[in-house]
Amino acid sequence: MTGASVGSAPQTGARAATGRVRRHYSLLTGTDKLVLALMVGIPLVFDLALIWGPTVGSFLISFTNWNGIGSPFDAKVIGTKNYESLFTAYPFFWPALSHNIIWLAWLMFVATPLGILFAVLLDRVARGSRIYQTIFYLPVVLSLAVIGIIWSLQYAPEQGLINNILGRTANDNLIDWLGNPTLNIWAALVAASWRHVGYIMVIYLAGLKAFDPTLREAAKVDGANERQTFFRVVFPVMMPINVVIVVITTIEALRAFDIAYIINHGKNGLELLSTLITNNGISESNRLGFASSIAVVLLVISLVPIVAFLSRMMREERR
Amino acid sequence: MADLDSPQTVSRRSILKGGVAVAALGGVSAFLAACGNSGATTAPTTAASTAASTAPTTAPSTSGGESPQASAGAGGNVTLGSNYSDPVPKGVLASVVDTFQKQSGSTVKVNTVDHGTFQDQISAYLQGTPDDVFTWFSGFRMRFFAAQGLATDISDVWSQVGSNFSDAFKVGSTGDDGKQYFIPIYNYPWAVFYRKSVFQDKGYQIPATLDDFKALCQKMQSDGLVPVAFGDKDGWPAMGTFDIINLRTNGYDFHVGLMAGKEKWTDPKVTTVFNTFKDLLPFHQEGAAGRTWQDAAQALVQKKAGMYLLGMFVSQQFQTAGAADLDDLDFFPYPSFGTQYDAEKALDAPIDGFMLSKNSPTLAADMDAAKAFLEYLAQPETQVAWVTQDPSNIAAAKNADTSKYTPLQKKAAQLIGDAQRITQFLDRDTNPNFAGANGMQAFLLDFIQNPSQDLGAFQKKIQDFWDTL
């Protein structure tokens with residue numbers, strides 16, 4: 001969703017500043033000001049009311065033991081106790097954090113490069129490119145919850161397709177894809193990648209289609225081989241797309257939730273920060289204060305890539 | 001290019017771009033909301049306010065009676081929030097509601113929500129604009145919402161229908177303040193299910209003691225059967241095994257104390273339970289952590305497994321398989337352990353039922369009709385009609401006519417009737433904060449996959465978790 005605002009980087013405000021303008025004249029007409037006010041104001045109101053309001057609310061609730069019943073203002077303030085218990089006593093926090101990191105590393109270093117590879121290959125294919133694109137892109141159309149259900153069925157111990165193909169359905173040799181806590185995160189990551197690869201592929205392919213072919217020809221004339229052309233010419237020129245892809249991948253990893261939740265509600269090796277929040281806050285459990293403290297931790301972690309991305313974007317705007 | 005963008009000259013275009021950047025910032029922070037959203041979501045209450053308040057005003061004048069049943073004769077409206085989203089129970093509820101409407105002239109509007117969603121959103125639902133009557137469970141889960149003031153006291157209904165129920169059911173319907181908040185409709189036993197034909201063919205005997213049980217398991221193994229089917233992907237089935245071993249080893253009072261936090265999870269008595277569980281685990285189906293209870297039931301249906309400890313709802317899987325398979329299904333009570341607690345014959349027999357909400361906007365107007373509806377649900381005839389259509393349960397009323405029961409239902413009624421003590425189930429008897437996916441479910445999954453771990457450290461982990469709640 002951020003993708004749209006990044007692509008238009010380089011040629012900034014060159015055309016408009018044609019003449020020197022005296023200072024006391026306003027650059028903007030009344031209509032301009034109104035348009036600006038509406039453009040900034042309406043999203044800002046929604047942003048404050050729907051995003052920053054709840055965010056600040058969560059932050060404040062994280063210092064209470066609110067159980068979701070009655071007003072949060074009546075809840076007992078317990079200081080940083082939720083955080084202390086989260087970092088020291090709660091047995092599921094560190095596993096969840098490490099699973100989020102594994103998720104990020106896998107998407108970043110396996111799934112995303114694979115998507116880029118597919119894009120590069122499909123860019124070279126002359127015939128049937130559309131068909132391949134459709135095949136790889138199809139999973140992206142499905143919601144992650146549906147993907148979770150589809151893959152749960154494939155991984156099922158006796159009834160699942162995978163164990164049946166491998167012939168591992170007997171009681172003494174079956175592979176417990178979803179139950180084995182060292183295995184199930186990889187099984188979930190394969191399911192997540194199934195979608196992620198197609199997503200990245202399409203974005204990258206769009207970039208490659210817009211790529212100036214003369215650059216490629218120039219590289220060829222200079223005697224570069226395919227690999228050199230890609231890594232020395234195509235990849236650097238595609239930098240804006242690369243940034244988008246890194247951001248998308250990071251966000252996908254941080255908000256990973258659906259597949260783990262569908263498989264087993266995020267337990268037994270599939271704990272993620274997002275599932276911990278849900279299981280503590282939005283379920284029959286009612287530890288809203290504690291869930292909020294996990295949400296705040298996730299927010300702080302999310303801020304790192306988002307701030308990095310925004311500052312980069314702003315810098316490009318200013319250049 | 002640089003000189004054009006001197007500090008004084010701000011181009012119109014770049015200001016507009018700045019606006020876009022702010023909008024983009026808003027867009028990005030939407031991700032924060034996606035990640036960090038923990039606010040209480042409001043339940044999708046479809047409670048169409050059918051607040052036609054004409055009935056209650058006319059009712060007293062025509063009947064003049066105090067009894068809710070009398071006023072219901074003149075009709076009224078009730079809204080009912082239902083978690084019966086599966087086709088069979090949904091149809092049963094519809095037919096029961098239908099009969100009530102015909103008898104009383106009242107209208108019951110049923111709002112069905114997916115079972116799991118209903119459970120997850122119960123807090124928000126009851127605080128928002130709930131329906132007048134809602135489906136719920138006995139146990140801690142009922143007492144909790146009663147104590148929070150989110151349920152209406154129905155002691156007056158109980159004074160009318162109390163004689164239909166045994167003491168255990170009254171206790172199961174009573175809140176911490178000694179008032180009743182719950183109308184039991186049915187319950188079902190947890191027992192060891194098996195196929196009669198398999199036991200007959202192989203000449204197996206029903207095991208009376210734990211040693212018999214183990215010997216039978218060994219025999220089944222040598223016959224190429226998986227002795228005990230097991231699927232704990234959902235996290236709760238292993239609780240049933242823990243519960244019954246705990247009840248046989250340490251008795252009902254210890255179970256209650258443990259669930260309430262009065263007893264400690266580090267108690268050596270709990271160690272004994274886990275040790276017994278560990279001894280029995282090799283007889284259980286491998287890969288339980290990734291298998292649903294339905295798939296485990298299929299092992300029993302297909303005669304690959306010999307036994308299965310589960311609630312009587314396992315019969316639904318046999319019902320789907322066919323009438324012959326359903327007829328072949330039987331069960332026996334969990335074997336005795338040679339302890340003083342064998343005599344309790346205790347078992348998990350969770351009770352489902354109905355409650356009256358507090359915050360329903362239509363409740364004041366619908367009160368008489370709603371209580372009449374609850375009274376109707378408490379009648380043995382209603383409950384028998386219910387369990388005839390859904391034979392995986394038995395009526396909660398003690399004076400229910402069991403002559404139309406299936407053999408399995410008759411046996412279940414016998415089993416529950418014989419029990420001196422009845423428990424609800426681990427996750428219904430204790431704090432949901434403790435029993436959930438990131439709680440006891442996870443601990444038990446860890447245990448069944450690593451039964452040889454240091455139990456002292458394991459039990460301390462459970463107790464430490466309890467202590468943080």
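Throughout, protein chains are lettered first and strands after them, A, B, ... in sequence-line order, and every chain is numbered starting at 1.
To the nearest 0.5 Å, atoms CG (A:Asp176) and CZ (B:Arg291) are separated by 7.5 Å. Here B:Phe144 contributes atom CZ and A:Asn67 contributes atom CG; the two are 5.0 Å apart, rounded to the nearest 0.5 Å. In this structure, B:Lys233 NZ and A:Ser152 OG are separated by 4.5 Å, a value rounded to the nearest 0.5 Å. Note that the OG1 atom of B:Thr292 and the CG atom of A:Asn264 stand 12.5 Å from one another [nearest 0.5 Å]. One distance of note links CG of B:Asp234 with NZ of A:Lys267; it measures 6.0 Å at 0.5 Å rounding.
Comparing B:Lys461, B:Gln298, B:Gln441, B:Lys304 by how many heavy-atom pairs each has under 4.5 Å with chain A, the most go to B:Gln441. Contact count against chain B (heavy-atom pairs under 4.5 Å) is highest for A:Asn171 among A:Asn171, A:Ile42, A:Leu273.
Interface remark: B:Ala288 contributes backbone atoms only to the contact with chain A (heavy atom separation under 4.5 Å). Using a 4.5 Å cut-off between heavy atoms, A:Phe46 does not touch chain B at all. The contact between A:Ile263 and chain B is made by backbone and side chain atoms together, counting heavy-atom distances below 4.5 Å. Of the two parts of B:Leu126, neither the backbone nor the side chain holds a non-hydrogen atom closer than 4.5 Å to a non-hydrogen atom of chain A. Both the backbone and the side chain of A:Leu276 have a heavy atom closer than 4.5 Å to some heavy atom of chain B. In this structure, chain B has no heavy atom under 4.5 Å from any part of A:Phe93. Only the side chain of A:Glu158 comes within less than 4.5 Å of a heavy atom of chain B; its backbone N, CA, C and O stay farther away. Looking at A:Pro54, there are no atoms closer than 4.5 Å to chain B (heavy atoms on both sides), in backbone or side chain. Contacts between B:Gln449 and chain A at a heavy-atom distance below 4.5 Å involve the side chain alone, from C-beta outward. In this structure, chain A has a heavy atom under 4.5 Å from the side chain of B:Gln127, while its backbone stays farther away. Contact of B:Phe434 with chain A is not made at all, since no heavy-atom distance falls under 4.5 Å.
Taking every heavy atom of both residues into account, A:Ser285 and B:Pro432 meet most closely at OG-O, 3.6 Å. Contact detail for A:Thr275 and B:Asn438: the closest heavy-atom pair is O-OD1, 4.1 Å. Residues B:Ile122 and A:Glu284 come closest through the heavy atom pair CG2-CG, 3.9 Å. The two atoms that bring A:Leu174 and B:Gly287 nearest to each other are CD1-CA, 4.2 Å, heavy atoms only.
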Test side-chain contact (heavy atoms from CB on, under 4.5 Å) on B:Thr468 and A:Arg287; report intermediate values, then the result. CA-CA 11 Å; B:Thr468 63; A:Arg287 306 176 76 195; 4.2 Å; yes

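Side-chain contact between B:Asp120 and A:Ile282: absent, with no pair of heavy atoms (C-beta onward) separated by less than 4.5 Å.
Ring pair A:Phe92/B:Phe465 is perpendicular by interplanar angle, where above 60° counts as perpendicular and below 30° as parallel.
Around the CZ atom of A:Phe59, the shell of radius 6.0 Å holds no more than 12 heavy atoms that belong to other residues, nucleotides or ligands.
A donor-acceptor distance shorter than 3.5 angstrom exists from the side chain of B:Asn433 to the backbone of A:Asn286, with no hydrogens or angles considered.
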